[in-house]
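Below you will find the structure I want to go over with you.
Indexing begins at 1, ligand by ligand and atom by atom, following the structure's order. Keep in mind the model is a prediction, meaning the values are calculated, not measured. Below, each value reflects all heavy atoms present in this structure, side chains not excepted, and no hydrogens, waters or symmetry copies.
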Amino acid sequence: MTDPIKLLLLPGDGVGPEIMGEVRRVIDWLTKARGYGFEITEDLIGGVAIDAYDTPLRDETVEAAGKADAVLLGAVGGPKWDDLPFEKKPERGLLRIRKDLDLFANLRPALCFKALADASSLKREIVEGLDIMIVRELTGGLYFGEPRGIEDLPDGSRRGTNTQAYSTEEIRRVARVAFDLAAQRRGKVASADKSNVLESHIVWREEVTKLHREAYSHLELSHILADNCAMQLIRNPGQFDVLLADNLYGDILSDEAAMLTGSLGMLPSASLGEADASGKRPALYEPVHGSAPDIAGQNVVNPLAMILSFTMALRYSCGLDTEADLIEQAVQNVLAGGLRTGDIMQPGMAKVSTTVMGDSIIKELGNLTE
Ligand code: IPM
Ligand code: MG
């Protein structure tokens, strides 16, 4: 018998517990129907952790996350905690876990499911078959650079400061991930930057170019200015295979790419650190969408981005590619069958709740493996 797969679940705030509930059912199915062993622990992050422990993330939780094979995170934040001081906000918990586990590579696949091509605000012919992998740098750049802060100036006014800085190794390690992924896909990397304005991005572009020449010259590398990239994503998204970007632009471009696929409610993500000697990488999986407090607790949220984040965990942290394929197939089939949560609802389709979407996935998994 192999060791059980250790999962740490951090449902978080807003719709987080509802979408995590549906993942738990998929995990139960894998246990009962497929014979896998999981060791599951659950903990708090974000606003709920602030309410219980007065901090958005406890040291114990970070430690448990480091020991897990994979961490699954729902979402953090909500209006209840908006007025807290900066360091206490729910989002700080998320940024801290990324930083403390050194999860520098954030993979955000923007995949347009066939059945959803009409749910996008763009024309079907532009988004159909879309398959872009965004690789966002996640532990550096403007989000973490020092100096940072808010100062009171002598004249009574204030100044807020953030620093954008990238060093050679920070760029190379994330670029390597992008090239390695491209090698398994269509062999193309587009790196987005503002090297026409920012020194940090002059270094970014030069280091990516250098790494490409040294180790990946069999792949196609192009550089694109980030503003043009935002435009090209709408104009002709099919030109992109792997899209590499820094922390800030990656955040923005991935929301944009998400809308191409029909809904932010469909987009999963994986955040990966460096592999150790045994090949194990610290890893966290979360949907790209947020905590959606306006619809929380109503059983209407789309659980698919969270379920697809779990399939990424099966793929990248558990080596269970076949099971990941199976679950993704179940998602495709359920969508092809016409079931939709509110966010992806289309005329002629059947609008269903979070739990009915979950039921249907489990039922389809049963059909697929009969
Ligand atoms: C994301 C989110 C986060 C980010 C927020 C919640 C801090 O927008 O994961 O894309 O900006 O990284
Ligand atoms: Mg974002």
- Message: Strictly below 4.0 Å, N to O, side chains only: are Glu60 and Arg58 in salt-bridge contact?
- Response: yes
- Item | Side chain, backbone, both or neither: the part of Lys89 lying under 4.0 Å from ligand 1 by heavy atom | neither
- Separation between CG of Asp246 and OG of Ser200, rounded to the nearest 0.5 Å: 7.0 Å
- N or O pair under 3.5 Å between Glu286 and ligand 1: no
- Item | Nearest-contact summary for atom 5 (C) of ligand 1 - protein heavy atom, Å | Leu94 CD2, 4.4 Å
- Item | Atom nearest to the Mg ion (ligand 2) - Asp251, N, O or S atoms considered | OD1
- Note on the structure: shortest atom 9 (O) of ligand 1-to-protein heavy-atom contact is with Arg98 NH2, 2.7 Å
- Message: Students should be able to answer this: which protein heavy-atom is nearest to atom 11 (O) of ligand 1, and at what distance?
- Response: Tyr143 OH, 2.7 Å
- Query: Which of parallel (below 30°), tilted (30 to 60°) and perpendicular (above 60°) describes Phe38 and Phe310?
  - Reply: tilted
- Query: Identify the closest protein heavy atom to atom 2 (C) of ligand 1: which residue and atom is it, and at what distance?
  - Reply: Asp251 OD1, 4.0 Å
- Backbone of Gly273 reached by a side-chain donor or acceptor of Asp102 within 3.5 Å: no
- Pick one of side chain, backbone, both or neither for how His289 approaches ligand 1, counting any non-hydrogen atom pair under 4.0 Å. neither
- Query: Hey, is Arg108 one of the residues with a heavy atom under 4.0 angstrom from ligand 1?
  - Reply: yes
- Within Asp255, is some N, O or S atom less than 2.8 Å away from the Mg ion (ligand 2)? no
- Query: Would you call the rings of Tyr216 and Phe179 parallel, tilted or perpendicular, where under 30° means parallel and over 60° means perpendicular?
  - Reply: parallel
- Any chance the side chains of Asp325 and Gln329 put a donor and an acceptor closer than 3.5 Å? no
- Query: So, Asp343 versus Ser263: side-chain donor-acceptor pair below 3.5 Å or not?
  - Reply: yes
